[in-house]
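A short worksheet on the structure shown next.
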Amino acid sequence: MEKTKPKAVENQAEPVISILGLHKSFGKLDVLKGIDLTVYKGENVAVLGKSGSGKSVLIKIIVGLLKPDLGSLTVLEKKVEKLTGKELDELRLRIGFSFQGSALYDSMSVFQNLAFPLTMNVKHLDKQKVKEAVEEALEAVGLKDKAEQMPAELSGGQRKRIGIARALILKPEIMLYDEPTAGLDPITSAEINELINEVQEKYNTSSIIITHDLTCAKNTCDRIVMLVEGKFLPSGKFDELFHTDNQQVKDFFSYNFIQ
Amino acid sequence: MIKDHTKKAVISERIDEYFLGVYGAYKFVLRFFKEVFVPPYHFRAIITQSYEIGIKSLALISVTGFIIGIVFTKQSRTSLEDFGAASWLPNLVGIAIIRALGPVLTALICAGKVGSSIGAELSSMKVTEQIEAMEVSAINPFKYLVVTRIVAATIMVPLLAMYCVFIGLIGSYINVHAAETTSFTVFFKDAFSSITFIDLFAATAKATVYGFTIGIIGCYKGFNATKGTHGVGKAANEAVVLAMFLVFLEEVIIVQVSNWVRNY
Ligand SMILES: Nc1ncnc2c1ncn2[C@@H]1O[C@H](COP(=O)(O)OP(=O)(O)OP(=O)(O)O)[C@@H](O)[C@H]1O
Ligand SMILES: [Mg+2]
């Protein structure tokens with residue numbers, strides 16, 4: 001299933017995330033060494049890279065969970081480093097974040113997991129509205145029957161999907177997926193890829209999708225960037241990268257057996 | 001910075017670590033007081049936590065308080081009888097349980113049960129990124145997880161201490177009644193005969209301080225756990241050890257202060 005829809009970039013859409021010269025290190029370990037990236041409205045961008053290359057660190061910086069050492073970061077026209085706590089919270093409500101390890105609250109049921117961001121952030125919301133929103137989100141990830149279960153009773157793939165549903169519940173303008181298909185079987189992976197595309201089409205969200213999975217990158221993303229040794233290699237569409245002369249890109253692609 | 005593995009360097013690193021820890025804890029306490037009075041208050045979460053803390057420790061405190069009451073009375077009797085002062089037994093037991101044993105025993109049990117469970121719960125939330133998940137949902141995890149637990153512990157430990165005192169005195173009464181057939185009212189009148197308002201106040205205040213200590217140490221260790229499942233066990237363990245140590249330290253200080261007030 002190849003993506004055929006028109007590329008958002010070609011529509012001259014406005015940028016929703018712009019990163020310029022971003023650096024981040026932990027002690028002696030330099031993880032990001034000058035990252036530039038622009039994501040446009042309605043666009044899905046895949047970030048590929050080896051394990052430990054700093055992909056998760058990058059998206060944690062975007063939502064302000066980690067502070068960059070250097071560089072500028074503008075998200076939805078806000079300069080993240082200049083925001084006060086309250087402004088940062090307002091920005092975060094417009095961003096959905098699906099964690100690598102799902103990060104479901106394991107003291108709460110699936111329903112409560114999804115309702116939590118809603119009830120804590122939207123004042124005076126009646127129970128019926130919450131229920132509807134939760135059901136809609138569960139429907140979107142195809143797990144409507146799991147509402148009353150505890151996270152511990154779910155499989156890894158189901159947890160991942162609930163994590164995505166929780167990130168979607170506030171109808172974010174930007175979605176950040178951290179390895180949405182890692183460790184899943186091909187069929188479930190394909191379902192998640194479809195879900196990512198649906199979200200993009202339905203709400204016109206922009207997404208950054210971190211992945212090792214080239215099928216996922218190919219089927220969900222308008223553009224692919226590769227993080228190698230703390231820097232991005234030139235970005236491009238899947239086919240462009242697939243037939244590139246760049247040895248580092250070739251190395252990465254040659255380990256994945258897809259045509 | 002090149003890491004130096006000589007003995008001196010290791011020692012100085014440990015000392016640095018210690019003072020950084022103390023500074024971190026100090027900042028944590030400050031942050032608690034900064035956030036506890038600012039809305040939103042999360043009353044529901046406070047009630048849930050109070051229930052958890054209270055109910056979880058109730059059985060253990062009942063058993064321990066009761067047995068300590070019986071044993072302490074039984075063991076003290078022989079000494080008092082040597083002086084022909086067995087009738088002073090309720091008075092002695094009252095002082096011992098209300099002033100010292102009740103609050104301290106409760107605090108130690110709670111340090112074990114509550115401190116470790118808070119430490120383990122928060123640290124496992126930390127290492128599985130649940131705390132970060134709250135942050136990205138624009139929910140203040142410090143307020144929702146930490147403040148509620150500390151408030152609940154600060155409220156529940158004194159209540160549990162009062163309960164422990166009561167159960168301890170019942171245990172003691174059963175022993176006294178079996179040996180000397182003292183009536184219930186006489187026993188309690190004797191037990192409280194030397195107890196002043198200052199004693200009751202000091203006991204409650206003391207238990208409140210212990211509750212706060214247990215809550216804040218459990219939360220501090222859990223909230224600052226390092227990555228990995230190893231960090232969970234470590235956080236729970238350190239929370240118990242540090243909370244118990246601080247409870248004893250505070251006991252010594254509070255006894256000095258309340259004695260000073262009493263004699264003033
Ligand atoms: N909070 C932190 N403190 C110290 N080092 C960290 C921290 N977070 C990440 N790192 C380090 O930064 C590097 C990049 O980590 P990151 O989690 O971004 O990798 P990743 O590209 O997401 O890898 P994976 O594909 O395995 O998830 C790693 O070497 C990691 O050890
Ligand atoms: Mg990662």
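Below, read A as the first sequence line, B as the second, and so on, with proteins coming before strands; counting in each chain starts at 1. Below, each value reflects all heavy atoms present in this structure, side chains not excepted, and no hydrogens, waters or symmetry copies. Here the structure is a predicted model, which means the values were calculated and not measured.
Among residues at least two apart or in separate chains, salt bridge (charged side-chain N to carboxylate O under 4.0 Å, His left out) pairs with a member in residues 217-226 of chain B are B:Lys221-B:Glu238.
Salt-bridge formation is detected for the pair B:Glu129/A:Lys60: a Lys NZ or Arg NE/NH1/NH2 atom is positioned less than 4.0 Å from an Asp or Glu carboxylate oxygen.
Within 6.0 Å of OH in B:Tyr51 there are 12 or fewer heavy atoms belonging to other residues, nucleotides or ligands. Residue A:Glu229 qualifies as open at atom CD: its count of foreign heavy atoms under 6.0 Å is 12 or below. Heavy atoms of other residues, nucleotides or ligands lying less than 6.0 angstrom from NZ of A:Lys202 number 12 at most. Within a 6.0 Å sphere centred on CZ of B:Phe201, other residues, nucleotides and ligands contribute 12 heavy atoms or fewer. Annotation: B:Tyr163, atom OH; neighbour count of heavy atoms from other residues, nucleotides and ligands within 6.0 Å is above 12.
Contact tally against chain B (heavy-atom pairs below 4.5 Å) for A:Val63, A:Ile169, A:Asp106, A:Leu88: the top residue is A:Asp106. Contact count against chain A (heavy-atom pairs under 4.5 Å) is highest for B:Ile139 among B:Thr128, B:Ile139, B:Ile131.
Annotation: side chain of A:Phe99 is not in contact with side chain of B:Gln130 (no heavy-atom distance under 4.5 Å). At a threshold of 4.5 Å between non-hydrogen side-chain atoms, the residues A:Leu65 and B:Val136 count as touching. Here the side chains of A:Phe97 and B:Glu132 are not in contact, with every heavy-atom distance at 4.5 Å or above.
The CG atom of A:Asp89 lies 9.0 Å from the CD atom of B:Glu135; values are rounded to the nearest 0.5 Å.
Under a 3.5 Å cut-off, the side chain of A:Asn121 and the backbone N or O of B:Ser137 do form a donor-acceptor pair.
At a 4.5 Å heavy-atom cutoff, the contact between A:Leu104 and chain B is made by backbone atoms alone.
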Stepwise side chain to side chain contact (heavy atoms under 4.5 Å, CB included) check, A:Met120 with B:His42: CA-CA 10 Å; A:Met120 297 303 267; B:His42 303 309; 3.1 Å; yes
